[in-house]
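Structure first, commentary second.
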Protein chains: 2
Amino acid sequence: MLKIGKLTDYGVVVLNELAQAGAVKLSTDDIAGLTGLALPTVRKVMKALVDSGLVMAQRGARGGYRLARAPGQIRMLDIVQAFEGPVALTECAADDHQCDITASCSLSANWGGINQLMTQVLARVTLQDIRNPERQERLVRDAVPLTTLIELVNIS
Amino acid sequence: MLKIGKLTDYGVVVLNELAQAGAVKLSTDDIAGLTGLALPTVRKVMKALVDSGLVMAQRGARGGYRLARAPGQIRMLDIVQAFEGPVALTECAADDHQCDITASCSLSANWGGINQLMTQVLARVTLQDIRNPERQERLVRDAVPLTTLIELVNIS
DNA sequence: TTAAAGCATACCAATACGGTATTGATTAAT
DNA sequence: ATTAATCAATACCGTATTGGTATGCTTTAA
């Protein structure tokens, strides 16, 4: 299925609400109410977002969360990495490539290439893009020309 | 981690050996020996490859496996789908988008866009590309310019 | 007829993941 | 200074997925 975790998905939903709120700080309760997520789940999501530096937290009474940067400066890659760690399609592509298989690990470097492509796709789409229906339509519409462009780069 | 399953990785390794063998049929034992994979694991891998039509099987004595198409005609997307099913980063992006969350599911369509980009990246890289070190180097080297190209397409 | 091969099914263990609860630390307001 | 609101940290548990393994059956060339 090549899927990301649900928490990552939740993260995007939460960030969307925070972007909507702008300068107004949202409490855990607010976020739970707005998104429909369970409170403990929201806590877990917020921890990851704060740890990764995408969200600022203010403790104490009248505290809450707000975006650490403008939506246009928050890349999908940042979000994915906040929840899933570094993008590594295969074990081999990870930092410590420990291949059990003797022979065919010459392929590992190639996975690295695909990894980079994936990473860069995620790096070029921001939270702002995903919130804007117009930008999204462009993204889908231009998906086909993209193949032509990749062809120009002589990948295949 | 955004990773694919190990079986998918094994699949690539096996396909690489089959490409190497060319017209010569390889038995399950041969493949296990060449790749270092356990025999039952090889069986599982071969089932997926045969079911997906990427590999032809001949039963009986002197049987074995061979590629159903030329390596240049086997896309990474085909391989991934053979093991992982359709590419769907989120539940929402799947065919039956059943969102538990009430509000923010306007985002689902956007995930679809990213999905398409991912899919197309996988569709443009073939087994032949991944086997050729030279092509692979080009892929990695040109990864940076790619961002510029995507920019031209006005994604962000 | 036989032996070499692929086919199908079922099973088990480990891990990862999502979800939940509990307790502690901080801070603004009064 | 006290209080209440709010975030922080940790720990736990059930389930689902995944990887790995075993076993018996079917096909087919020699």
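Reminder, nothing fancy here: chain letters follow the sequence lines and each chain counts from 1.
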task = Before giving the answer on side chain to side chain donor-acceptor pair (under 3.5 Å), spell out for A/Thr8 and A/Glu84 the whole-Å C-alpha distance, their side-chain angles and the decisive distance to 0.1 Å.
result = CA-CA 7 Å; A/Thr8 307; A/Glu84 321 255 342; 2.6 Å; yes
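Contact annotation for B/Ile31: no contact, since no heavy-atom pair falls under 4.0 Å across all strands. Residue-level contact check: A/Leu7 touches the backbone only, with heavy atoms under 4.0 Å from sugar-phosphate atoms and none from bases.
In this structure, B/Leu39 atom CG and D/dG19 atom P are separated by 18 Å, rounded to whole Å. We find that CE of A/Met46 is positioned 13 Å from P of D/dA9, with the value rounded to whole Å. At whole-Å resolution of the value, CZ in B/Arg66 and C1' in C/dA5 are 16 Å apart. Straight-line distance from the CG atom of B/Asp51 to the P atom of C/dA8: 7 Å, rounded to whole Å. In this structure, A/Asp30 places its CG atom 8 Å from P of D/dC7, rounding to the nearest Å. The CZ atom of A/Phe83 sits 16 Å away from the C1' atom of C/dA16 (whole-angstrom rounding). In this structure, B/Asp29 atom CG and C/dA3 atom P are separated by 17 Å, rounded to whole Å.
Comparing atom distances between the A/Arg59 side chain and each of C/dT26, D/dG19, D/dA29 picks out C/dT26 as nearest. In the set D/dG20, C/dG19, C/dC7, C/dG19 carries the atom at the smallest distance from any side-chain atom of A/Lys44. The side chain of B/Thr28 sits closest to C/dG6 out of C/dG6, D/dG20, D/dC7.
Between A/Tyr65 and D/dT6 there is no side-chain polar atom (N or O) within less than 4.0 angstrom of OP1 or OP2. Considering only side-chain N and O atoms, B/Arg62 lies under 4.0 angstrom from the phosphate OP1 or OP2 of D/dA30. Between A/Gln58 and C/dA28 there is a side-chain N or O to OP1 or OP2 distance below 4.0 Å.
A salt bridge links A/Asp78 with A/Arg75: at least one charged nitrogen is closer than 4.0 Å to a carboxylate oxygen.
Nearer the 5' end of DNA chain C, as judged by each residue's closest nucleotide, is the contact made by B/Gly60, out of B/Lys47 and B/Gly60.
For B/Arg66, the CZ atom sits in a loose shell: 12 or fewer heavy atoms of surrounding residues, nucleotides or ligands are nearer than 6.0 Å.
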